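Everything below concerns the one structure shown next.
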Amino acid sequence: MRHMGGDVRWEIALAGADVEDLDQQRTLLTVAVRDYDDVDDDEAEEFAEGIDEQLEVVAQWWGVGGLLPEFRQVPRRELTSRDDIEALLRDEGVREMRGLALVLFITGHGIAGPSGSHFLRLPQSVQRRHLATAVRTSDIIAAALDSHVKNVLVIVNACYAGKLDRELTDLVKDIGPERWQRCQLDVLVTCDHNQTVQVRRFPTVLRSVYNRLRTSAGITTEYLSVAEFMAEYERALRTSDRRLHRLRRLVDGSGYEAPSPCLPNPGYRHAKELLGPGERQATTAEHYWLDRATGRTQESDDGWYFRGRKVLNRKVAEFLSPQHQRGVLLVTGSAGSGKSAVVARAVVLSDSRFRADPLFKAAVELTDPEAVPPEGAVTAAVLAHRRNAAQVAGDLLRELGVRPENVGPAEDQVVRWKGQVLDFVRTAGRPITLVIDGLDEALERQRIVHDVLGSLSQFCQPAAAVPGQRQEDDPAVTEPAVRLLIGIRSTRPPLVSEGRAADDDHGLLNELRQVFPTAAVERTDSEDTAADIEEYLYALICAGGHQESARTIAADVAPVLAPSFIDARLAGEQLRQADDPAALAVNAQWQRELRQGIRGLLVQDLRLVEQDEDGIPRDVALSLLRAAAFAQGAGVPWSDIWPQMAGVFLRRKLGREEWDVLIKRLLAGRLSGYLAHDHEDDRVVYRPAHEALTDVLMNADDDLAPGDQPDGGSET
């Protein structure tokens with residue numbers, strides 16, 4: 001009877017499983033030796049407990065499931081002899097193993113042989129008989145590196161593991177060049193050539209790295225690169241430890257910056273499958289559309305609070321209906337008047353996955369059917385905030401499911417990528433709807449208008465204006481057709497003449513109307529805005545459990561806030577968190593601050609944040625918010641950068657751990673609604689939730705102290 005190991009095991013596996021499934025398998029294999037009889041009982045117990053701690057944290061990290069494919073963890077074995085090691089490699093078919101990723105973790109006592117070879121000592125090893133009774137560590141590593149697994153990471157936490165450097169340098173030369181070209185192979189060790197293992201140091205550091213990646217590191221990629229893993233590991237070491245216990249990379253076969261499927265990122269989280277590429281409409285700010293559409297004040301809130309805007313929402317839904325396959329609709333209004341909410345509502349409600357989500361299905365059912373856009377009406381939606389023309393064009397391509405082509409140093413990215421957008425429109429065989437919000441906040445507004453969007457004008461003309469096509473033609477046209485829904489801020493009060501909105505102070509609305517002369521314009525700061533804000537406030541206050549007084553409070557406060565929905569959002573959050581919102585609404589100080597707009601509301605929250613359970617000092621909160629504002633771009637990453645920037649504004653010193661605790665409280669507390677998050681360079685970044693708030697925070701002459709608004713203060 002043939003022994004069922006090695007090739008036979010994989011032949012049987014292949015006979016009963018899809019090859020593609022095996023190729024995607026991820027495996028964690030631990031070779032851990034813990035029970036040595038030749039040491040005193042206390043030392044043996046300490047060592048065994050340390051090995052157990054190592055295996056526990058390794059299992060936690062590589063046991064990530066749910067959002068990521070789960071690692072298959074090979075059951076732990078008792079390893080006492082050389083035969084046990086060989087049986088483990090044979091029974092698991094390591095040398096012929098296939099899959100996407102293999103992580104091999106080796107731990108125990110190591111031996112530095114006289115020849116320079118490194119051995120893994122076993123309980124039955126005999127002194128000075130290493131070749132016969134111990135195991136050459138490089139042989140275990142070679143079984144993994146020369147398998148068929150696409151990505152292999154070996155971590156050795158054993159005494160004198162640095163001795164492996166010379167052995168592995170020679171060993172890897174025997175691995176075929178094709179494997180080196182197609183696979184990622186890495187070996188890391190925790191001990192230098194003259195260091196003994198500290199069994200409890202490694203799990204302490206690794207657990208610290210795991211927790212940091214889940215919180216402050218803010219890395220957004222599904223996998224870490226080996227470089228990121230090593231950098232985070234070293235960051236977790238105390239200064240005195242870094243020379244002695246840093247990770248060393250003995251085999252570098254992955255490319256230093258390449259993400260490795262062997263290193264799942266504990267901080268990686270998928271947004272709900274509501275928004276994203278392909279059929280769903282996502283941007284780099286995955287929560288942006290949902291935040292704006294629902295009017296929620298916290299990301300964890302699953303309520304739907306925006307009310308009113310019935311006429312405007314119907315016009316947007318009509319624009320997105322099959323009867324209007326071409327055209328441009330500009331949604332504009334003064335700062336904070338809810339233009340992004342109207343645009344985001346259209347994006348979210350057109351998404352079939354959102355509409356089927358139980359959390360929000362009721363919101364859709366309660367909405368006026370005539371104000372709901374058809375499913376799939378929006379093809380792609382992007383946020384132009386702090387984006388240049390090339391970035392906006394690239395974002396559009398990615399949301400259309402097209403990969404932006406590589407551009408040479410002498411080529412213009414905008415020209416190449418807008419050409420790809422045009423090619424997509426011409427060959428789509430269906431009308432395409434593109435949504436651009438925050439155009440007034442873009443870095444290259446004119447170029448985005450004229451080069452990126454202007455190139456689509458030929459496809460945006462109403463059907464009657466397209467030569468050879470009649471208005472009554474079948475709506476299922478095959479000719480290229482584009483609808484553009486654009487959200488921009490205009491700073492003048494609403495003036496209407498012959499059904500057209502007045503020019504805005506910056507001329508952006510004017511430019512859009514010149515490029516798209518048939519564009520329709522709808523404003524969000526009309527006379528009935530106060531009534532809509534009253535409904536919004538009513539919904540927020542009711543969510544706080546104050547239904548009895550909610551209507552009266554909302555009616556009294558709304559006229560003061562109109563037309564600013566951003567002010568209403570912040571005021572509504574203060575009211576619903578208050579023990580007695582009716583008393584707060586008539587408080588003289590609160591009313592004075594309310595009339596200062598977003599500045600006054602921020603002053604109030606900065607005062608309250610110190611009083612909250614798990615609150616934070618006012619000066620720390622303000623310094624963190626100011627750092628996010630001055631970061632510009634997409635925002636500031638947490639990591640080491642946010643504390644360093646905030647420290648510039650704080651007139652006292654805090655330790656790194658203190659900063660991390662306080663940032664965590666900020667993001668979980670009442671001030672979290674003042675921040676939006678995005679990602680840039682594979683890091684989560686934070687910025688003020690609205691440009692009006694950015695303006696307030698960047699006013700260096702205003703210390704945001706309670707009292708009258710200073711000269712130069714910002715009102716919304």
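In this text the structure is predicted, and so the values were computed from the model without any measurement.
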Task: Steps toward side-chain contact (heavy atoms from CB on, under 4.5 Å) verdict (V648, F630) - done: CA-CA 11 Å; V648 174; F630 277 91; over 6 Å; no
- [ ] For the pair W289 and D351, evaluate side-chain contact (heavy atoms from CB on, under 4.5 Å) and give the outcome as yes or no after the intermediate values.
- [x] CA-CA 11 Å; W289 302 117; D351 191 306; over 6 Å; no
Task: Check against side-chain contact (heavy atoms from CB on, under 4.5 Å), W62 and F105 - done: CA-CA 11 Å; W62 281 274; F105 178 62; over 6 Å; no
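A heavy-atom distance below 4.5 Å is found between the side chains of L29 and L88. Within the 4.5 Å cutoff, side-chain heavy atoms of W180 are placed close to those of V172. No side-chain heavy atom of L662 sits under 4.5 Å from any side-chain heavy atom of L666. With contacts defined as side-chain heavy-atom distances shorter than 4.5 Å, the pair T190/V205 does not qualify. Contact check for E56 versus D52: no side-chain heavy atoms found under the 4.5 Å cut-off. Residues V187 and L168 meet the side-chain proximity criterion, which asks for heavy atoms closer than 4.5 Å. Side-chain contact between P617 and E610 is present, with at least one heavy-atom pair separated by less than 4.5 Å. Residues K664 and I616 are not in side-chain contact: their nearest non-hydrogen atoms beyond the backbone lie 4.5 Å or more apart.
Rounded to the nearest 0.5 Å, atoms OG1 (T27) and CZ (R98) are 13.0 Å apart. With rounding to the nearest 0.5 Å, the separation of CZ in F202 from CD1 in I51 is 10.5 Å. Remark: R670 CZ to Q611 CD distance equals 8.0 Å, nearest 0.5 Å. For the atom pair Q184 CD and L263 CG, the distance stands at 9.5 Å (nearest 0.5 Å). Taking CZ of R179 as the start and NZ of K150 as the end, the distance is 11.0 Å to the nearest 0.5 Å. The CG atom of L188 sits 6.5 Å away from atom CG of D186, with the distance rounded to the nearest 0.5 Å.
A salt bridge is absent between D146 and R95; no separation between the charged side-chain nitrogens and carboxylate oxygens falls under 4.0 Å. Looking at D619 and R651, no side-chain N of the basic residue comes within less than 4.0 Å of a carboxylate O on the acidic one, giving no salt bridge. Electrostatic pairing of E46 and R200 counts as a salt bridge here, judged by a charged N lying under 4.0 Å from a carboxylate O. E86 and R82 are joined by a salt bridge, as a carboxylate oxygen and a charged side-chain nitrogen come within less than 4.0 angstrom of each other. With respect to the salt-bridge test (charged N to carboxylate O, under 4.0 angstrom), the residues R77 and D91 qualify.
Listed for the R665 side chain is a donor-acceptor partner under 3.5 Å among the backbone atoms of G615. Looking only at distances, a side-chain donor or acceptor of E228 sits under 3.5 Å from a matching main-chain atom of S225. The backbone N or O of D165 lies less than 3.5 Å from a partner atom in the side chain of T169, making a donor-acceptor pair. The main-chain N or O of L213 is never found under 3.5 Å from a side-chain atom of E232 such that the two would form a donor-acceptor pair. Looking only at distances, a side-chain donor or acceptor of T133 sits under 3.5 Å from a matching main-chain atom of V126. Put simply, the side chain of D660 never gets that close to the backbone of E657: no donor and acceptor are under 3.5 Å apart. In this structure, the side chain of W642 engages the main chain of L624 through a donor-acceptor pair within 3.5 Å. Side-chain N or O atoms of N151 include one that pairs as donor or acceptor with a backbone N or O of L100 at under 3.5 Å.
Between V94 and S147, the shortest heavy-atom distance links the atoms O-CB, 3.2 Å. Minimum interatomic distance between R136 and S117 (heavy atoms only, all atoms of both residues): NH1-OG, 2.9 Å. Nearest heavy atom pair, residue L79 against residue P123, reads O-CD, 3.6 Å. Here the shortest heavy-atom pairing between P688 and L675 reads N-CD2, 4.2 Å. Shortest non-hydrogen contact noted between C159 and H109 is SG-ND1, 3.6 Å. In plain terms, the two heavy atoms of G110 and H118 that are nearest each other are CA-NE2, 3.8 Å.
For the side-chain contact (heavy atoms from CB on, under 4.5 Å) with L120, the lone residue among T137, I111, T107 that qualifies is T137.
R212 and S639 share a donor-acceptor pair across their side chains, judged by distance under 3.5 Å alone. At a cut-off of 3.5 Å, with distance as the only test, no side-chain donor of T30 or R76 sits close to an acceptor on the other residue.
Other residues, nucleotides and ligands place no more than 12 heavy atoms under 6.0 Å from the CG atom of N406.
W61 and F229 have their aromatic ring centers within a separation under 6.0 angstrom.
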